[in-house]
Amino acid sequence: MISLTNQSIKKEAQNCDFSFCGIAKLETFTQEKIRFENAIKNGYHANMGYLERDIDARFNPNHLLSDCQSVVVLLFNYYTGKSLNSSYRISKYAFVQDYHHLVTQQIEKLVEIMKSDGTQFNYKISVDSGKISEKNWAIKAGLGNFGKNGLLITPKGSYFFIGLLLLDQKMDLYDQNEPNSLPSCGNCTLCIDNCPTQAIVKPYVIDAKRCLSYQTLSNKTPDYDLVKEHSWIYGCDVCQEVCPKNKKSEINDFAVTNSSLFLHFEDSDFENLSKEEFDHYFSNTSIGSKGFEKLIQFIKNKQK
Ligand code: B12
Ligand code: SF4
Ligand code: SF4
């Protein structure tokens, strides 16, 4: 039995395998929106045209859920402590089941528990949706700060997916960002100095055109020349691997149980991958949804 209070939601979020949960009161972002618009004006969103559209809506959750009152932010730790056995590099976030599915499923489980005592409410879930700024809500809910690598840095590092649960219910208590009690970068510039393509154009700002993650994940017409020089074939983790805050990463056993089957692959397994093997090894990961052809293109590109 649960009634909707800040503490009861947090307790159940833990039972649904979320490491951190914070609850923010609905508000409209001003400074965050200006920073976002500046990035768009500079073209740092590359060809992700969806980021140009409905910017007001992106910073006002009422567009996703009418009469939204509270934003429950849930962080799922995807750190498995595992590494790939090959010189081809794949981002750690693909070492677990497709997170859009995994995190949404865990939030739906939480909603079911929240409704189990008969409480009625309307809600909307967002996991990596193109429609709302998830990092800013996590920061607002007191879960971390922006790192200079543009990611949310929590007291346990950055290897977390962000899930949002928008509610049309008011809470008894809200969380707030208390910047001084949360990790901040200080004088560190390791991610900027080590980014293989100098994509972090200034602290907190990524130029997606230069980012290997964008080129290998999102760009429909990738810059193969840029990608070829580097070993990444799906995503990129360099700005997180060098981050001292990730020394505090903890292995999530639930992520390990939901981890992928391809970690033992050697270079030749990638180079000779058939469509059948791709379906077997990758279909439950986010790589599966990008498709066989795309992965193969990046592997062949390295061999040219
Ligand atoms: C588009 C997108 C991308 C793009 C653009 C990356 C980017 N930095 O925005 C690409 C494809 C490159 C990408 C890559 C990755 N992504 Co991505 N991505 C998104 C998505 C869908 C939207 C983010 C967005 O709006 N970007 C546009 C830019 C302009 O907005 P912004 O980053 O908020 O810009 C802010 C900063 O510049 C900051 N800022 C500017 N100046 C200043 C000054 C100061 C002082 C401060 C404090 C801040 C500040 O304010 C701006 C406004 O908020 C979100 C999900 C979501 N809906 O929020 C996931 C998301 C951000 N991605 C995620 C992940 C995991 C990744 C990768 C790590 C995947 C990988 N391993 O390859 C990489 C990391 C690359 C990187 N260093 O950012 C996670 C991040 C989790 C976390 N811990 O932060 C998210 C939240 C998805 C999720 N639900 O878990 N991603
Ligand atoms: S994901 Fe890779 S290429 Fe993109 S900013 Fe981070 S280190 Fe640079
Ligand atoms: S590497 Fe350093 S500067 Fe970059 S996000 Fe981590 S702490 Fe901040």
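Read the numbers this way: they start at 1 and go in the same order the structure lists the ligands and their atoms. As a basis for the values below, the full set of heavy atoms in this structure was taken, side chains included, without hydrogen atoms, waters or symmetry mates. Sequence positions, counted from 1, serve as the residue numbers for this chain.
The two residues Val227 and Lys302 make their nearest non-hydrogen contact at O-NZ, 2.8 Å.
Checked against the 6.0 Å centroid criterion, the rings of Trp137 and Phe29 qualify as a close aromatic pair. In this structure, Tyr99 has its ring center under 6.0 Å from that of Tyr93.
Considering only residues two or more places apart in sequence or on other chains, Asp98 meets the salt bridge (Lys or Arg N to Asp or Glu O under 4.0 Å) condition with none of them.
Side-chain N or O atoms of Asn77 include one that pairs as donor or acceptor with a backbone N or O of Glu250 at under 3.5 Å. Put simply, the side chain of Asn42 never gets that close to the backbone of Tyr44: no donor and acceptor are under 3.5 Å apart.
Sorted by chain and number, the protein atoms of type N, O or S within less than 2.8 Å of atom 8 (Fe) of ligand 2 are Cys195 SG.
Distance check, rounded to the nearest 0.5 Å: CD of Gln198 to CG of Asp193 gives 10.0 Å.
Within the 2.8 Å limit, Cys243 places at least one N, O or S atom next to atom 6 (Fe) of ligand 3.
Protein heavy atom at the shortest distance from atom 3 (S) of ligand 3 is Cys188 O, 3.1 Å.
Side-chain atoms of His264 and Asn85 form no donor-acceptor pair, as typed in the model, at a separation below 3.5 Å.
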Run the side-chain donor-acceptor check on residues 54-65: report pairs under 3.5 Å with partners two or more places apart or on a different chain.
{"unit_1": "Asp56", "atom_1": "OD1", "unit_2": "Lys33", "atom_2": "NZ", "d": "2.8"}
{"unit_1": "Arg58", "atom_1": "NH1", "unit_2": "Gly130", "atom_2": "O", "d": "2.9"}
{"unit_1": "Arg58", "atom_1": "NH2", "unit_2": "Tyr50", "atom_2": "O", "d": "3.3"}
{"unit_1": "Arg58", "atom_1": "NH2", "unit_2": "Gly130", "atom_2": "O", "d": "2.5"}
{"unit_1": "Asn60", "atom_1": "OD1", "unit_2": "Asn62", "atom_2": "N", "d": "3.1"}
{"unit_1": "Asn62", "atom_1": "OD1", "unit_2": "Asp67", "atom_2": "N", "d": "3.1"}
{"unit_1": "Asn62", "atom_1": "OD1", "unit_2": "Cys68", "atom_2": "N", "d": "2.9"}

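Side-chain atoms of Phe95 and Phe262, non-hydrogen and from C-beta on, do get closer than 4.5 Å to each other.
The one candidate from Tyr281, Phe298, Phe278 that meets the ring pair (Phe, Tyr, Trp, His ring centres under 6.0 Å) condition with Phe292 is Phe278.
Within ligand 3, counting atoms from 1 as listed, the ones closer than 4.0 Å to a heavy atom of Cys185 are 3 (S), 5 (S), 7 (S), 8 (Fe).
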May I have a table of the N/O to N/O pairs between ligand 1 and the protein that fall below 3.5 Å, each row giving the two atom names and the distance to 0.1 Å?
{"unit_1": "ligand 1", "atom_1": "32 (O)", "unit_2": "Lys135", "atom_2": "NZ", "d": "2.6"}
{"unit_1": "ligand 1", "atom_1": "37 (O)", "unit_2": "Tyr204", "atom_2": "O", "d": "2.8"}
{"unit_1": "ligand 1", "atom_1": "53 (O)", "unit_2": "Asn136", "atom_2": "ND2", "d": "2.7"}
{"unit_1": "ligand 1", "atom_1": "57 (N)", "unit_2": "Ser129", "atom_2": "O", "d": "2.5"}
{"unit_1": "ligand 1", "atom_1": "57 (N)", "unit_2": "Ile132", "atom_2": "O", "d": "2.9"}
{"unit_1": "ligand 1", "atom_1": "58 (O)", "unit_2": "Ile132", "atom_2": "O", "d": "3.4"}
{"unit_1": "ligand 1", "atom_1": "58 (O)", "unit_2": "Glu134", "atom_2": "N", "d": "3.0"}
{"unit_1": "ligand 1", "atom_1": "71 (N)", "unit_2": "Ser91", "atom_2": "OG", "d": "2.7"}
{"unit_1": "ligand 1", "atom_1": "71 (N)", "unit_2": "Cys236", "atom_2": "O", "d": "3.0"}
{"unit_1": "ligand 1", "atom_1": "71 (N)", "unit_2": "Asp237", "atom_2": "OD1", "d": "3.0"}
{"unit_1": "ligand 1", "atom_1": "72 (O)", "unit_2": "Ser213", "atom_2": "OG", "d": "2.8"}
{"unit_1": "ligand 1", "atom_1": "72 (O)", "unit_2": "Cys236", "atom_2": "N", "d": "3.1"}
{"unit_1": "ligand 1", "atom_1": "72 (O)", "unit_2": "Cys236", "atom_2": "O", "d": "3.3"}
{"unit_1": "ligand 1", "atom_1": "77 (N)", "unit_2": "Asn149", "atom_2": "O", "d": "2.9"}
{"unit_1": "ligand 1", "atom_1": "83 (N)", "unit_2": "Leu152", "atom_2": "O", "d": "3.4"}
{"unit_1": "ligand 1", "atom_1": "83 (N)", "unit_2": "Ser158", "atom_2": "O", "d": "3.1"}
{"unit_1": "ligand 1", "atom_1": "83 (N)", "unit_2": "Phe160", "atom_2": "O", "d": "3.4"}
{"unit_1": "ligand 1", "atom_1": "84 (O)", "unit_2": "Leu152", "atom_2": "N", "d": "2.8"}
{"unit_1": "ligand 1", "atom_1": "89 (N)", "unit_2": "Asp128", "atom_2": "N", "d": "3.4"}
{"unit_1": "ligand 1", "atom_1": "89 (N)", "unit_2": "Glu134", "atom_2": "OE1", "d": "2.6"}
{"unit_1": "ligand 1", "atom_1": "89 (N)", "unit_2": "Ile162", "atom_2": "O", "d": "2.9"}
{"unit_1": "ligand 1", "atom_1": "90 (O)", "unit_2": "Ile162", "atom_2": "N", "d": "2.9"}

